[in-house]
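Here's the structure, in structure tokens; my notes come after.
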Amino acid sequence: MTLRLSSTAPRSPRRLRPIVAALLLAATAGAVQANQSLFSPGYGLTVGPVFNRNNLNSSGYNPANPMRLVDADESVRFGLMQAGAQYTLGDVDNLQASIDRIDAAVSAARSATNQGQVDAQIQTINGLLPGLDRGARFGVSAGGSVLTPLLVRSQALRGVLSLNVNAQAQAAGLFHGSAAAQVPGQNAIRTASAFDVKAATITQLSLGYSTEVGRWFGHDGANGRFDGGVRLNSYQATLYRQLVGFTDANGNGNAGNFDRDTVDSRRASAVGVDLGLNWQAENWQVGATVYNLGNPRFAYPDPTRDANAANQYAATTLAAAGRIAANDQVRLKTHVVLEGSVHTANKRWMLQTSYAANETPNFVGDAQKFVTASVSYNAERFEGAFGTLLNYIVPSVRLGWRKNLVGDQLATNGLGLSWGVINLDVQASQAKVNADGSSVPRSGGASLSIAEKF
């Protein structure tokens, strides 16, 4: 069993690690969760989907945020670029070694000279399956944007118009075990065990409008400014799915790879609406965002129609047993994210948090429900003759923590640094697994973003 996601990937190695295979697909997309169904790099990788005046990309979180990201004496702000990636691994040590042992057992049975040897290989496979079935999985997301967000203040509309364009890729694999058995009348083993691999490439186009809602109702802003916003999202997605099996019905090993250029794909489009409110005062800020109004839906292709005999055998057998849904779809559920901040008057020190009130899947079906907390020191507040120079030399620093309350339930710690317009963020989990003799975090990510500042 091998997994490969791109026909341009090197084909010489006999085995390709599942997580590396997923990263190859993600890298072709060329965007932590705000809309939890999407991956958003930048500041959010560390501090979460919270408003920050220094983070222009927070316009992609609460749709009310752009109103406070463009000063009253400014007309236009725009981002230059942002890009990032993150991965998640299941709680299984030495995953690739187990996959290789199953492949080896399938091959050994074909060359067996007696029944005892065949039985021994069946026992080896069936001894490995329970552990893989409990936790063999992976997920990866990557993406970015160029020359957006674009924010334009309009005096005529008494607010700020926003444009965001993001491209990203997501992939996930989940292992389904099925007991190995001897092919009748042959020295061969068959098993419908397989990795259920889903992948999606997504382009998101967003148009938003934010305004000071309080002003429309005569609020003078003495107790803070109350903003509101709405955003229309258009999603264009290409969806891939394949059950990458070990054997066909006759016990022949699978020489095929997951290759997005040959696997069936399905194109889909959908529209969703986000709404947001934000109340900001001198030393605090609270906000709420409703994402995915309209519940966009995306249907995956049927894996039982795979031309690869081993993959079709796995998909058909598992579907008949009720282990998978052949006609699967993802519905991006409406969900609410709450946020809050306390900070000094000059916003040099900030404590921020966010909480998703309900869960939603991402585009490949992984459940998301995040809580985040962070502390930030914004060095870019120096004034005086040397203030501009110090603002570029002394980095702003942010420390963050987030946890998925559903799904993998992993917690990660993040570190972010900013020098002028350049932002670098990294995060990793304390939970680890063993892979090829090394201990690696079960989850990790990194992001680079560049955005003009005022």
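The structure presented is a predicted model; accordingly, all values stated were derived computationally and were not measured.
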**Study point:** Distance, nearest 0.5 Å, that separates CG of N346 from CD of E282
**Key:** 10.0 Å
Check your understanding: Do Q204 and N164 have a side chain donor and acceptor closer than 3.5 Å?
Key -> no
Practice item. Test salt bridge (charged side-chain N to carboxylate O under 4.0 Å, His left out) on D196 and R241 and set out the steps. Key: CA-CA 7 Å; D196 186 354; R241 187 186 185 193; 2.8 Å; yes
Review point. Has the side chain of S396 got a donor or acceptor atom that lies under 3.5 Å from a matching backbone atom of L417?
Key: no
Check residues 323-331 and write down every donor-acceptor pair under 3.5 Å in which the side-chain atom is one partner and the other belongs to a residue at least two apart or another chain.
from: R323; atom 1: NH1; to: G177; atom 2: O; distance (Å): 2.7
from: R323; atom 1: NH2; to: D133; atom 2: OD1; distance (Å): 3.4
from: R323; atom 1: NH2; to: D133; atom 2: OD2; distance (Å): 3.3
from: R323; atom 1: NH2; to: G177; atom 2: O; distance (Å): 3.3
from: D328; atom 1: OD2; to: K198; atom 2: NZ; distance (Å): 2.4

Study note, to complete from the structure: d(R77 CZ, S162 OG) to nearest 0.5 Å is 13.0 Å
**Study point:** Heavy-atom pair of closest approach, residues A319 and T304
**Key:** CB-CG2, 4.4 Å
Point to revise | Beyond-backbone contact of E212 with R68, side-chain heavy atoms, under 4.5 angstrom | key: yes
Check your understanding: Does the S439 side chain pair with the main chain of N434, one donor and one acceptor, at a distance under 3.5 Å?
Key -> no
Practice item. Return yes when atom CD of Q430 has more than 12 non-hydrogen atoms of other residues, nucleotides or ligands closer than 6.0 Å, and no otherwise. Key: no
**Study point:** Distance (rounded to the nearest 0.5 Å) between S449 OG and M81 CE
**Key:** 8.0 Å
Practice item. Describe, in one word, how the ring planes of F175 and F195 are oriented to each other, choosing from parallel (under 30°), tilted (30 to 60°) and perpendicular (over 60°). Key: perpendicular
Review point. So, for S210 and A64, which heavy atoms are closest and what is the spacing to 0.1 Å?
Key: CB-O, 3.8 Å
Practice item. Search all heavy atoms of L56 against all heavy atoms of L69 and return the closest pair with its distance. Key: O-CD1, 3.8 Å
Review point. If you measure only the distance, is there a donor-acceptor pair under 3.5 Å linking the side chains of S418 and N423?
Key: yes
Exercise for review: Kindly determine whether L410 and N404 satisfy side-chain contact (heavy atoms from CB on, under 4.5 Å), including the steps that lead there.
Suggested key: CA-CA 6 Å; L410 278 174; N404 191 359; 5.7 Å; no
Check your understanding: Would a 4.5 Å heavy-atom cut-off, applied to side chains only, mark S354 and F370 as touching?
Key -> no
Exercise for review: Scan side-chain atoms only and decide if S341 and E339 contain a donor-acceptor pair under the 3.5 Å cut-off.
Suggested key: no
Revision key, fill the gap. Given the options T334, N292, N233, D274 meets side chain to side chain donor-acceptor pair (under 3.5 Å) only with N233
Point to revise | pair Q427-S443: side-chain heavy atoms closer than 4.5 Å | key: yes
Review point. So with a 6.0 Å cut-off around CH2 of W401, is the heavy-atom count from everything else above 12?
Key: yes
Point to revise | For F51, ring pair (Phe, Tyr, Trp, His ring centres under 6.0 Å) partners two or more places apart | key: none
Study note, to complete from the structure: In terms of heavy-atom contacts, G131 and V92 come closest through O-CG2, 3.8 Å
Check your understanding: Can you name the closest pair of heavy atoms from P41 and A83 and give their distance?
Key -> CB-C, 3.9 Å
Review point. Hey, is the main chain of S37 close enough, under 3.5 Å, to the side chain of T360 for a donor-acceptor pair?
Key: no
Check your understanding: Does atom CZ of R225 have more than 12 heavy-atom neighbours, drawn from other residues, nucleotides or ligands, at distances under 6.0 Å?
Key -> no
Practice item. Calculate, to the nearest 0.5 Å, the distance between atoms CG and CD belonging to L38 and Q170 respectively. Key: 6.5 Å
Practice item. Evaluate side-chain contact (heavy atoms from CB on, under 4.5 Å) for M67 paired with N278, printing each intermediate quantity in order. Key: CA-CA 10 Å; M67 189 63 190; N278 200 353; over 6 Å; no
Review point. About how many Å separate OH of Y377 and CE of M350, when rounded to the nearest 0.5 Å?
Key: 14.0 Å
Review point. Below 4.5 Å, heavy atoms only, C-beta onward: do L207 and L163 meet side chain to side chain?
Key: yes
Exercise for review: State whether the side chain of R442 and the backbone N or O of L89 hold a donor-acceptor pair below 3.5 Å, judged by distance alone.
Suggested key: yes
Check your understanding: For A97, does its backbone N or O pair with a side-chain atom of N94 as donor and acceptor, under 3.5 Å?
Key -> no
Check your understanding: Is the shortest heavy-atom distance from the side chain of I99 to the side chain of F246 under 4.5 Å?
Key -> yes
Practice item. Would you mind listing every ring-ring contact (aromatic ring centres under 6.0 Å, His included) that reaches into residues 322-347, with sequence neighbours excluded? Key: Y291-H335
Check your understanding: Under the 3.5 angstrom rule, does the side chain of T148 hit a backbone N or O of V165 as a donor-acceptor pair?
Key -> yes
Practice item. Please confirm whether the backbone N or O of L277 pairs with a side-chain atom of N62, one donor and one acceptor, at under 3.5 Å? Key: yes
Practice item. Going by the side-chain contact (heavy atoms from CB on, under 4.5 Å) test, name the single residue among D425, L45, N57, V146 that passes it with Q82. Key: N57
Review point. Counting distance only, does the side-chain N/O of T238 pair as donor-acceptor with the main-chain N or O of R267 below 3.5 Å?
Key: no
Practice item. Check whether any side-chain heavy atom of L232 lies under 4.5 Å from a side-chain heavy atom of V271, and answer yes or no. Key: yes
Exercise for review: Answer with yes or no whether the side chains of Q242 and D306 bring together a donor and an acceptor at under 3.5 Å.
Suggested key: yes
Check your understanding: Checking T211 side chain against G159 main chain: does a donor-acceptor pair fall under 3.5 Å?
Key -> no
Review point. Are any of the side-chain heavy atoms of S374 and T46 separated by less than 4.5 Å?
Key: no
Review point. Which is it for D408 and D366 under the side-chain contact (heavy atoms from CB on, under 4.5 Å) test, yes or no, and what are the steps along the way?
Key: CA-CA 9 Å; D408 56 43; D366 288 339; over 6 Å; no
Practice item. Please lay out, stage by stage, how L415 and V397 fare under the test side-chain contact (heavy atoms from CB on, under 4.5 Å). Key: CA-CA 7 Å; L415 169 66; V397 181; 4.2 Å; yes
**Study point:** Under 3.5 Å: donor-acceptor pair, side chain of Y43, backbone of R398
**Key:** no
Exercise for review: Count the heavy atoms of every other residue, nucleotide or ligand shown that sit under 6.0 Å from CZ of R305, and state whether that count exceeds 12.
Suggested key: no
Exercise for review: Check whether any side-chain heavy atom of R153 lies under 4.5 Å from a side-chain heavy atom of L151, and answer yes or no.
Suggested key: no
Point to revise | Gap between atom OH of Y235 and atom CG of L205 - 0.5 Å precision | key: 10.5 Å
